[in-house]
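I have placed the structure first, in the form of structure tokens, so that the comments after it can refer back to it.
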Amino acid sequence: MVAAKICGLKTAETVDAAIAGGAFMIGFNFFARSPRSLSPALAGELGQRVPPTIARVGLVVDAGDDEIAAILAEATLDLLQLHGHETPDRVAAVKARFGLPVMKVVSVAEVGDVAAARAYEDVADRLLFDTKPPKSLANALPGGNAISFDWGLLKGAAFRLPWMLAGGLHAGNLAEAVQATGARAVDTSSGVEDRPGEKNVNKIKEFLAVAHSL
Ligand SMILES: O=C(O)c1ccccc1NCC(=O)[C@H](O)[C@H](O)COP(=O)(O)O
């Protein structure tokens, strides 16, 4: 069984589908430019539907303390996902300031990017390997671009932290991705959508069913 996070949820229906399907993490996206972003108030409301067995993840990009504090004032979260250029010192500072575990996103395009994850092993609680936005993609977001990176870059890689694979994953390629990387946890956003920001309940359940079958 591979653990699965569904990221970018912003409706009760899709949160309930992720819960029913056995997600181990549910991601709330606070990056304003994202079509998946939601208000801290709505995240707080949706988070109350989530049982304690599922982690409520708050996704921010190069957020300052004031931004994170404003989110936490309205939404109870179990993990912060730092999806920007946050340094190891910034990760440590966020953990110390807010007392929450931190998952640091490592954006991958080449082998050196994977090696860069080592710098976070002593400060973060989890790592998430996601596709580095290609420079050729106009208006690319820091994540959620529905693009996979070369999974071979993670083959045989070992980290002192639990890590998760993301980037262009969907029910149709998940088995290959897990086989190629040895990932024991995966994450998707676009892969369970009909259009950017519009999650599909059946795609959520299918992705989770495939993850649990591996
Ligand atoms: O999903 C977004 O719109 C997004 C925007 C800005 C930063 C991060 C974002 N998503 C974070 C995630 O954890 C996604 O699940 C991950 O990037 C994979 O996305 P996808 O390739 O669409 O499955």
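Everything quoted here is computed from the prediction, not taken from an experiment. Counting convention: from 1, in listed order, for ligands and their atoms alike.
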Heavy-atom contacts with [X] under 4.0 Å: which atoms of ligand 1 show up? List them by number with element.
X	answer
Pro142	6 (C), 7 (C)
Asn29	1 (O), 2 (C), 3 (O), 4 (C), 5 (C), 9 (C)
Ser190	20 (P), 22 (O), 23 (O)
Gly168	20 (P), 21 (O), 23 (O)
Lys5	13 (O)
Gly167	18 (C), 21 (O)

For ligand 1, the portion of [X] having any non-hydrogen atom under 4.0 Å away:
X	answer
Leu141	side chain
Leu59	side chain
Cys7	side chain
Arg33	neither
Thr131	neither

Taking 4.0 angstrom as the limit, do [X] and [Y] come out as a salt bridge?
X	Y	result
Glu110	Lys132	no
Asp194	Lys199	no
Lys104	Glu86	yes

So Thr11 and Val15, side chain to side chain contact (heavy atoms under 4.5 Å, CB included) or not? Walk me through it. CA-CA 6 Å; Thr11 68; Val15 166; 6.0 Å; no

[atom]: the protein heavy-atom neighbour that sits closest, reported with distance to 0.1 Å:
atom	result
atom 19 (O) of ligand 1	Gly144 CA, 3.2 Å
atom 1 (O) of ligand 1	Arg36 NH1, 3.1 Å
atom 23 (O) of ligand 1	Ser189 N, 2.9 Å
atom 5 (C) of ligand 1	Gly143 O, 3.4 Å
atom 13 (O) of ligand 1	Gln81 NE2, 3.0 Å
atom 15 (O) of ligand 1	Asp187 OD2, 2.6 Å
atom 17 (O) of ligand 1	Asp130 OD2, 2.5 Å

Is there a side-chain contact between Arg160 and Glu121, using heavy atoms and a 4.5 Å cut-off? yes

State, with a plain yes or no, whether a side-chain heavy atom of Lys5 is found less than 4.5 Å away from one of Met164. yes

If you count heavy atoms of other groups shown closer than 6.0 angstrom to CD of Glu74, is the number above 12? yes

Sub-4.0 Å heavy-atom approach of Glu193 to ligand 1: no

Please enumerate all residues that pass side chain to side chain donor-acceptor pair (under 3.5 Å) together with Lys10, with sequence neighbours excluded. none

Test side chain to side chain donor-acceptor pair (under 3.5 Å) applied to Thr76 and Arg56, step by step: CA-CA 8 Å; Thr76 302; Arg56 296 158 297 186; 5.0 Å; no

With sequence neighbours left out, what residues match Arg90 under salt bridge (Lys or Arg N to Asp or Glu O under 4.0 Å)? Asp65

For the pair Phe129 and Phe159, name the ring-plane relationship: parallel under 30°, tilted 30 to 60°, perpendicular over 60°. tilted

Ala146, any N or O under 3.5 Å of ligand 1 N or O: yes

Side chain to side chain contact (heavy atoms under 4.5 Å, CB included) evaluation trace for Trp151 with Val108: CA-CA 10 Å; Trp151 297 324; Val108 180; over 6 Å; no

